[in-house]
Amino acid sequence: MLELFTHLADWMAYDLFSLEKETKLAGAVHFFIEDTTKIFFLLAVMIYIIGFGRSYVSPEKVRVWLTGKSRFTGYILAALLGALTPFCSCSSVPLFIAFLSAGIPLGVTMAFLITSPLVNEVAVVLLGEALGLKFTLTYVGTGIALGIIGGFIIDAFKLNKWVEPYVWDIKMPVPENAEDAKGWGWREKYARGEAIDIIKRVWLYVLIGVGLGAGLHGYVPQEWFMEHAGADNPFAVPLAVLAGIPLYANATGIIPVAEVLLNKGVPIGTILAFIMSIVAISLPELLILRKVLKIQMLVFFVVFLFLAFVGVGYSFNIIFGG
Amino acid sequence: MDITVLGKGCSRCESTIHRIEREATVLGVPVQITKITDEVEIIKNGVMTTPAVMIGGKIVHSGGIPSIESVQSWLKK
């Protein structure tokens, strides 16, 4: 069914704009039209469908589900729920305090906070389109595993001392849920609202990302990538992760670029490590968390994710490099 | 009518305020919007996901931009 978008791009690039086939410009324009139309279609449809599922979970419910669980169950459940539960990054501090004040261990709380931004529906839809099912599942599995491992380490090393002390004293009143009667009408409206809201927020990044991808696709020769980011360059993985740290806001835009990188022969581990670094490590969000976490914890957080992503990059290059 | 919007000034919080102001103008209801941006204050009001809306000391919405229908229903009360 998605060939429809290839035909649309064929028609627009070669007939409407009368571009000569096989030229660099035609290749770039064709890529841009095909990818933008396909991505917007997939985002609208998939986020609408996923929205129904997401209407059953909320951070408030996760808090209830995680309260009183054993640590072991807690890490796994928190990371899994983190993958499913959306929350605006500006909610991370209230959410953090609310989890701790319910007696949820710090490691379990952090497992949720690590996985939630890493595995989100926009990234999953775009990855599925760009890299296929196998690598998308690998990405999701890795994101959940990193949350579990990160949470476990934080508790194992008793890093509670790196939480600002005042946080432990805050008592949160039991939230009253105003919208409890949730029928299908409500879920449909929620799903539709999510799809519209997300597309409104990401459309520009998608255009920029696909534009960049189209430029790379059409104009940068494969040899350039092989030389700089190919399997033979042992520093490609750490450099990709480092480069991803300041590139936060373009998370949506980078996945269309990833598709081109893969086609140009950049190994998949390097690409996944790069994407994870962009999606998960964001300096503005870390600064928001400074309100509740001491600077040591933020440094630990960044170092852990950096090492984890580099490890992920090298391992997947070996596993899938064959 | 006094309406409090809780949230740390992200774009969704701003959108929530704009939506309330717009619907209030349409319905001709005078509103006074107060913002709570401090996370600890937000938590003490029983809110963990923002933006949230509080009217008459009661949280009527949390965790996203409220729908136009919800905003209208608050203003008509």
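Sequence lines set the chain letters: A, B, ... in the order given, protein chains first and strands last, and positions in each chain run from 1.
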Which answer fits [X], side chain, backbone, both or neither, if we ask what part of it has an atom under 4.5 Å from a heavy atom of chain B?
| X | value |
| --- | --- |
| A/Y166 | side chain |
| A/L95 | both |
| A/F96 | neither |

Pairwise salt bridge (Lys or Arg N to Asp or Glu O under 4.0 Å) hits with a residue in residues 26-47 of chain B, at least two apart: A/K291-B/D38, A/K291-B/E39, B/E14-B/K35
A/R71 side chain vs A/V108 backbone, donor-acceptor pair below 3.5 Å: no
Give a yes or no answer on whether the side chain of B/R12 reaches the backbone of B/I65 with a donor-acceptor pair at less than 3.5 Å. no
Of the options A/I154, A/L113, A/L286, which is the one that meets A/F301 in a side chain to side chain contact (heavy atoms under 4.5 Å, CB included)? A/L286
